[in-house]
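Every heavy atom of this structure was used, including side-chain atoms; hydrogens, water molecules and symmetry mates were not. Numbering of residues begins at 1 and proceeds along the displayed sequence.
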Amino acid sequence: MSAAAPSAVAPRRAVDAVEAGQRVEELLDRLTATGDQEVGAAAEDLVRVLMDFYGAGLARIVDRLSTPADHGTGGGPLAALLDDELVSSLLALHDLHPEDIGTRIARALDSVRDPVEVVGFDEETGILRLRSSSEAGDGGGCGCPSTGAAARRSVEDALACFVPEVNQVEMESSATDREPPLLQIATRPPTGTSVAGKAVEAKAP
């Protein structure tokens with residue numbers, strides 16, 4: 001008897017809105033029935049936050065789809081949705097985002113002010129290694145700790161929206177890859193030696 005062929009991935013089960021609402025009410029009632037008022041209040045607050053979150057996402061989708069498409073940019077309505085941080089985060093959260101991780105990382109980094117380049121991403125650990133490519137004078141390369149922390153936060157916030165698979169960000173400074181300039185030190189010429197117009201070179205003994 002030949003081995004059975006591997007079955008295809010089961011399609012996502014359709015969710016019945018009424019059934020889902022009743023299930024939420026049942027869970028809330030069970031938590032309230034425990035007598036712990038703090039647990040019941042926290043559960044109700046959690047439901048409210050989730051409803052606000054998904055409600056905002058649905059409102060953003062309607063707004064994006066209602067806005068006339070810019071035919072010059074191409075991509076159609078889907079491109080407008082993928083550019084939206086909230087909608088994109090919802091799609092990625094439920095594994096519905098049509099773009100792969102690399103494309104979403106690039107999309108997230110394009111939205112931040114300070115330019116960074118990807119060094120590598122470990123899908124198993126979720127660690128993304130980035131290198132700062134800011135040059136001094138562009139507002140992000142002064143080397144100030146506060147500036148570096150703000151740039152890191154903006155990168156992490158963008159990645160949280162577009163790539164929730166990223167668990168940790170490691171930043172490398174482009175300055176660390178550059179060798180420090182060599183400092184040439186000349187010996188002091190003997191007293192009375194004329195050095196006008198000539199450079200004095202230090203020679204090893």
Side-chain angles (χ1 to χ4, degrees), residues 4-70 73-113 118 121-128 130 149-170:
S7 58
V9 178
R12 189 182 297 268
R13 186 177 70 89
V15 177
D16 183 277
V18 176
E19 180 183 345
Q22 292 176 346
R23 180 61 175 160
V24 171
E25 291 293 339
E26 291 174 2
L27 292 174
L28 288 176
D29 290 341
R30 286 173 55 185
L31 290 172
T32 304
T34 61
D36 192 327
Q37 295 182 352
E38 291 186 1
V39 171
E44 292 181 358
D45 191 40
L46 175 60
V47 172
R48 272 194 298 270
V49 170
L50 288 175
M51 290 187 67
D52 290 342
F53 177 54
Y54 285 98
L58 291 172
R60 194 74 63 82
I61 291 174
V62 172
D63 179 68
R64 289 283 186 172
L65 294 179
S66 302
T67 303
D70 185 356
T73 59
L78 181 59
L81 294 178
L82 298 183
D83 279 334
D84 188 276
E85 293 183 354
L86 178 57
V87 176
S88 190
S89 66
L90 286 170
L91 294 175
L93 181 64
H94 292 281
D95 198 23
L96 295 173
H97 206 293
E99 296 178 338
D100 58 24
I101 293 178
T103 303
R104 285 185 280 131
I105 289 176
R107 184 185 290 274
L109 298 181
D110 285 342
S111 68
V112 300
R113 176 177 177 273
V118 178
F121 175 63
D122 190 331
E123 294 190 17
E124 294 185 0
T125 61
I127 297 177
L128 176 65
L130 302 174
R152 184 189 182 93
R153 281 195 300 271
S154 66
V155 169
E156 292 175 344
D157 290 344
L159 289 169
C161 293
F162 291 100
V163 201
E165 295 91 340
V166 174
N167 299 322
Q168 181 179 342
V169 176
E170 294 182 353

Could you go through Asp110 and Arg107, starting from their C-alpha distance and side-chain angles, then the distance that decides it, and tell me whether this counts as salt bridge (charged side-chain N to carboxylate O under 4.0 Å, His left out)?
CA-CA 5 Å; Asp110 285 342; Arg107 184 185 290 274; over 6 Å; no

Take Leu96 and Leu90, measure what side chain to side chain contact (heavy atoms under 4.5 Å, CB included) needs, and give me the verdict at the end.
CA-CA 8 Å; Leu96 295 173; Leu90 286 170; over 6 Å; no

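If you check the side chains of Asp100 and Thr103, you find a donor sitting under 3.5 Å from an acceptor.
You'll find the side chain of Asn167 stays beyond 4.5 Å of the side chain of Ile127, heavy atoms only. Looking only at side-chain heavy atoms (C-beta outward), Phe162 and Leu82 stay at 4.5 Å or farther from each other. Side-chain contact between Leu109 and Leu130 is present, with heavy atoms from C-beta onward closer than 4.5 Å. Inter-residue side-chain proximity for Val163 and Ile101 is flagged as met; some heavy-atom pair is nearer than 4.5 Å.
Distance alone, capped at 3.5 Å, is enough to place a donor-acceptor pair between the Arg152 side chain and the Val169 backbone.
Arg60 and Asp63 are not joined by a salt bridge, as no carboxylate oxygen comes within less than 4.0 angstrom of a charged side-chain nitrogen. With salt bridges taken as basic N to acidic carboxylate O contacts below 4.0 Å, none links Arg153 and Glu156.
Pro98 and Leu78 make their closest contact through CG-CD2, 4.4 Å (heavy atoms, listed as atom of the first residue, atom of the second, distance). Nearest approach of Leu159 to Ala108, heavy atoms of both residues: CD2-CB, 3.9 Å.
Note that the CD atom of Glu44 and the CZ atom of Arg48 stand 6.0 Å from one another [nearest 0.5 Å].
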